[in-house]
Structures are given as C-alpha cells and as structure tokens.
Amino acid sequence: GAARGRGRGARMHEGPGKPARALVTVLRPESAESRNYRGLLARTMPRLEQMKKRAVVAFVSAGQSASRASVPANLAVMLSRSGRPTCLVDVGLQAGQSSALFGVAEQDGLASWLAGESGLSGYQFDELPEFTLITGGATQDRVFERVLHPRFREWLHADASRRGTVLLDATQVDGIADAQAVASVAGSAIVVIGRDVDPVSETRALVAELRSHGVELIGTVLLDRALA
C-alpha cells in the first residue's frame, strides 16, 4: 500500500542539528536574501493558486552544485509560512542536501523507502507547523529509477498531495535526463540556473526537454556565481 509519513517533532534551533547558513528564511528572515525569496514566492503563488490544492512542482537544474538545494528549501519555508501546507521531498536521494540544510539526521528517507528497507518518515518542526520534510535517505541500493515507478507516482499524487503543495528537490539528480524524468512525474517545474556558470546550451537543452514532455514551466531562478 501507499506509505504514510510519520511526523517527528524536531526543533530547528536546538541541539547539535542546527539549520545550515543557506537556510536564510529561517536564520535571517529580514535579510536581503530572504527578501529575494519573498519575491520568488510572490511570482510563484499565482501559478500555484491556479493548480489548486494539489500542486506538485519539481526544482531542476542543468548544474549540480549543493547550494542549489537551498532554493526549494527556502521557498518551502516561505510557502508554509504563508499558511499553505507544504511538503518538501528530496528526490536527490543519497546525494540530496535537505537533511544538512534543515539540520536533521538522514535516517529513513525516500531512498530507503524506495529500496523497501523502511517505512517513509517525515520531519515536522514546531516553528513551521504547515511544513513537512522528507529527506533523501540512505541506502546501499541504487534506487533512482524507482522514483519513476508507479508506486512513487501513486504516493506522490495521493498521499503526498494531501499535505498540500509538494516541492520535489531534483537539483541534485544526475544529468538532464533524470531532471526531465522527475519533472515529468511532477507535471510542472522551476529551473534553477547558475549565472555565468551553467552553459547556456545545457540550460536550453533542459528547457527544451521539459517542454517536449509537456512539463509546465512555472519560472526560473538565477543564482549568483558565488552560490551556483
């Protein structure tokens, strides 16, 4: 059957597991970086509203630097603070960065669930009552292709979407083909681009691939060279 997430009460500002500096919307909510994410939220919200309550959006990128994971993470925080139930799912699996960003243990996440080694658990935080995090998880198995399995699609569009807006962090997947595959499962995407870092040809190839598979492009995010 479909997996059910189990909430783990975890405070982001206590104990050894503190959020990473890149999670600016939590650590520095009045900073210029946080204002940029508020602007992204304002640009994104009308499209999300058109998708009603069960929006699923993949964040994809032609490049693969760890810092790109901060974009879906910070937007997820902003969305949840706006009162919209939000679930961030790290489909980067073992390469995912969400556990480090939010300062939680990797433990049972998406990868171990896909490999059949565990149930699927989600982290919830006192400061963000509308937010759920499902980390990439750890496993010895190679499981990326299972993200494309009908069982994952069923869970994504049934159980996961009950949590409101679902953001799939695919910024750490390996290559354009995998990014396109995740975006096709979601049906819509936001493209994260490293300014002056990502070759224009690769970004164009990614966008063309998304469009050819009927993925709705919600927008793009440009990361400065120092972050990309």
Side-chain angles (χ1 to χ4, degrees), residues 1-10 44 47-48 50-60 69 71-73 75-77 79-80 84-99 101-102 104-125 128-174 177-190 210 213-216 218:
R4 306 271 179 191
R6 297 191 303 275
R8 294 193 188 116
T44 305
R47 303 293 288 275
L48 295 179
Q50 292 173 4
M51 301 162 82
K52 304 301 181 187
K53 293 289 186 181
R54 298 199 173 185
V56 181
V57 181
F59 284 74
V60 297
V71 176
L75 185 61
V77 169
L79 270 173
S80 67
R84 191 178 181 109
T86 304
C87 181
L88 176 64
V89 183
D90 192 340
V91 296
L93 305 179
Q94 289 100 315
Q97 300 295 316
S98 63
S99 58
L101 280 168
F102 285 88
V104 298
E106 190 72 48
Q107 295 184 354
D108 298 338
L110 189 62
S112 52
W113 175 66
L114 290 171
E117 299 169 356
S118 70
L120 187 60
S121 296
Y123 283 96
Q124 294 179 315
F125 305 91
L128 301 170
E130 300 290 348
F131 175 65
T132 302
L133 169 66
I134 296 176
T135 64
T139 178
Q140 298 301 310
D141 200 356
R142 173 159 177 79
V143 295
F144 178 78
E145 59 273 11
R146 297 183 195 177
V147 171
L148 311 180
H149 191 279
R151 186 172 79 127
F152 177 74
R153 292 171 184 257
E154 276 176 31
W155 172 80
L156 182 62
H157 292 286
D159 280 26
S161 62
R162 289 189 189 126
R163 299 182 183 274
T165 301
V166 180
L167 304 184
L168 302 182
D169 177 5
T171 60
Q172 304 304 305
V173 302
D174 186 16
D178 286 353
Q180 173 271 310
V182 172
S184 293
V185 171
S188 59
I190 291 175
L210 296 177
H213 285 82
V215 176
E216 179 185 5
I218 292 179

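No experiment lies behind these values; they were computed from the predicted model shown.
Taking all atoms of both residues into account, the shortest heavy-atom contact from Q172 to G92 is CB-CA, 4.3 Å. Across all their heavy atoms, A179 and V60 have their closest contact at O-CG1, 3.5 Å. The shortest non-hydrogen separation linking A58 to A183 is CB-CA, 3.8 Å. Of all heavy-atom pairs spanning S80 and E130, the tightest one is O-CB, 3.7 Å. Nearest heavy atoms, H213 versus S184: CB-OG, 3.6 Å.
In this structure the side chain of F152 reaches within 4.5 angstrom of the side chain of V91, judged on heavy atoms. Looking at T171 and V71, their side chains never come closer than 4.5 Å, going by heavy atoms from C-beta outward. Residues L79 and L48 form a side-chain contact, since some pair of their non-hydrogen atoms from C-beta on lies under 4.5 Å apart. For the pair F102/D90, no side-chain contact is recorded, criterion being any heavy-atom separation below 4.5 Å from C-beta on.
S118 meets the side chain to side chain donor-acceptor pair (under 3.5 Å) test with S112; sequence neighbours excluded. Checked against side-chain contact (heavy atoms from CB on, under 4.5 Å), T132 has the following partners two or more places apart in sequence or in another chain: C87, Q124, R163. For E117, the salt bridge (Lys or Arg N to Asp or Glu O under 4.0 Å) criterion is met by no residue, not counting sequence neighbours. Qualifying side-chain contact (heavy atoms from CB on, under 4.5 Å) partners for A76, counting only residues two or more places apart in sequence or in other chains: T86, L88, F131, L167.
Of the inter-residue distances, the one linking W113 atom CH2 with L120 atom CG reads 6.0 Å to the nearest 0.5 angstrom. Rounded to the nearest 0.5 angstrom, L75 CG and F59 CZ are separated by 4.5 Å. Taking OG from S98 and CG from L133, the interatomic distance works out to 4.5 Å, rounded to the nearest 0.5 Å.
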